[in-house]
Amino acid sequence: MPDYRYLLSEREIPKFWYNVAPDLPAPMPPPLHPGTLQPAGPKDLEAIFPYALIEQEMTAAQNIPIPEPVLDVLRLWRPTPLHRAMRLEKALGTPAKIFFKNESVSPAGSHKPNTAIAQAYYNKAAGVKRLTTETGAGQWGSALALACNVFGMECMVYMVKCSFYQKPHRRTMMECWGAKCVPSPSDLTQAGRKVLAEDPETPGSLGIAISEAVEDAALHQDTNYSLGSVLNHVLLHQTVIGEEAIAQMKLAGASPDIIIGCCGGGSNFAGLAFPFVPEKAAGKNLRLIAVEPAACPTMTKGIYAYDFGDKSGMTPLLKMDTLGHDFVPPGIHAGGLRYHGMAPLVSLLHREGVIEAVSYPQLKCFEAALTFARAEGLIVAPETSHAICCVVDEALKAKEEGKEKTILFNLSGHGHFDMAAYEKYFAGELSDYEYPEAKIREALAHLPKAS
Ligand SMILES: Cc1ncc(COP(=O)(O)O)c(C=O)c1O
């Protein structure tokens with residue numbers, strides 16, 4: 001009988017992050033300064049990021065050493081287990097082997113602390129006293145609250161309004177670690193007040209919350225901004241997931257044919273998938289599938305263009321798959337997937353055909369999450385349910401074709417704070433949103449004029 005779990009010891013935690021930049025099939029277009037639309041250099045980022053992170057954002061080095069104090073905190077829950085979902089395989093009657101990395105075992109309940117710890121460490125080392133950030137579902141805000149607490153820093157979180165009210169206990173969790181959390185848009189910033197004046201009933205969006213957090217950081221000398229996804233350095237910090245998975249798949253005597261992750265800003269998918277890119281580049285028949293919500297179809301319906309990372313146009317412009325920076329996605333329960341853009345690294349690999357993208361509506365995702373919970377016992381976050389939906393589809397396809405595929409996915413977070421969403425699903429109160437075509441067309445018409 002094969003094992004259910006494949007474990008590494010604390011000593012086997014990866015000592016380097018894997019940087020995909022040298023393995024890209026095409027050059028990365030540089031970020032542009034929001035005012036001049038010229039390539040942005042390190043100086044342009046110094047107002048909100050410490051130098052060490054700016055360096056990681058731009059480096060072409062393949063392996064970046066993980067500082068010892070960061071490793072010492074990551075060891076509290078890493079290496080995370082690799083599970084074989086044999087009971088799900090049985091429930092689906094599939095010949096496919098299904099494996100997953102369980103990132104929900106971190107103190108905050110998701111993959112997000114992998115980068116939060118590193119970012120807080122580098123900011124603390126640079127003398128920064130306070131960090132601001134945005135959060136969608138609250139997973140990232142909790143992760144940064146945890147990290148700031150570890151390194152003795154203040155933390156201010158702007159939480160997307162619809163999620164703030166859907167998940168009140170996420171805020172309490174952040175407060176347990178000493179952070180402050182307010183619903184966004186708020187009246188604390190000019191960006192927030194402007195949106196509230198235009199639309200007092202707005203559900204908020206990650207783009208709006210980012211504007212508020214960036215403005216707060218730019219106006220306070222002792223404060224930096226911290227982003228939970230999208231940027232190169234954030235994706236870099238998540239690669240410990242894939243590096244561990246490579247070692248654990250070897251322990252299991254298996255090798256993935258398909259790797260699946262849900263995609264908000266792209267860091268969770270990239271964290272698992274990027275360390276496998278060299279294998280694929282060397283000719284292995286390996287599919288890398290990024291899964292997004294049908295209500296916010298950044299890769300499947302967006303365009304590849306320069307756009308702002310936030311609603312107000314304060315961040316540098318990034319070349320990415322985007323739905324337009326002022327697109328406000330419907331208030332689906334996968335709050336962490338409601339972002340108008342996609343990480344430039346994920347976008348480039350998508351455009352170059354290295355990775356595939358698919359989208360699913362939320363009801364089908366909840367259905368898949370329940371199939372998983374009833375087979376494997378774990379109740380996942382609505383974001384993660386998107387990955388599971390794709391896993392189920394691929395496993396059933398393998399059954400139809402009678403093929404023994406090996407599937408690996410990232411269980412990016414647990415759903416213990418998402419009971420209201422499951423409750424609504426059981427009560428039949430959740431619906432799928434129409435593909436918001438008109439709103440996307442309107443938002444795309446407002447893209448900045450940079451090619
Ligand atoms: C549980 C969970 N999974 C996935 C995501 C998507 O994250 P990423 O931006 O890394 O794609 C989030 C974002 O908040 C999340 O909370």
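Start at 1 and go down the list; that is how both ligands and their atoms are numbered. Values in this document were obtained by computation on a predicted structure and should not be read as measured data.
The side chain to side chain donor-acceptor pair (under 3.5 Å) search around Ser359 returns none, not counting sequence neighbours. With sequence neighbours left out, His83 forms a side chain to side chain donor-acceptor pair (under 3.5 Å) with Asn102.
Both the sub-6.0 Å distance and the 45° axial angle are satisfied by Arg84 relative to the ring of Phe99.
For residues 308-352, the ring pair (Phe, Tyr, Trp, His ring centres under 6.0 Å) pairs, not counting sequence neighbours, are Phe308-His325.
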Worked check of side chain to side chain contact (heavy atoms under 4.5 Å, CB included) between Trp17 and Val240: CA-CA 6 Å; Trp17 289 301; Val240 287; 3.9 Å; yes
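Residues with a heavy atom under 4.0 Å from ligand 1: His111, Lys112, Gln139, Ser229, Cys262, Cys263, Gly264, Gly265, Gly266, Ser267, Asn268, Gly336, Leu337, Ala381, Glu383, Thr384, Ser412, Gly413.
Proximity of the aromatic rings of Phe100 and Phe372 is defined here by a centroid distance below 6.0 angstrom, and this criterion is met.
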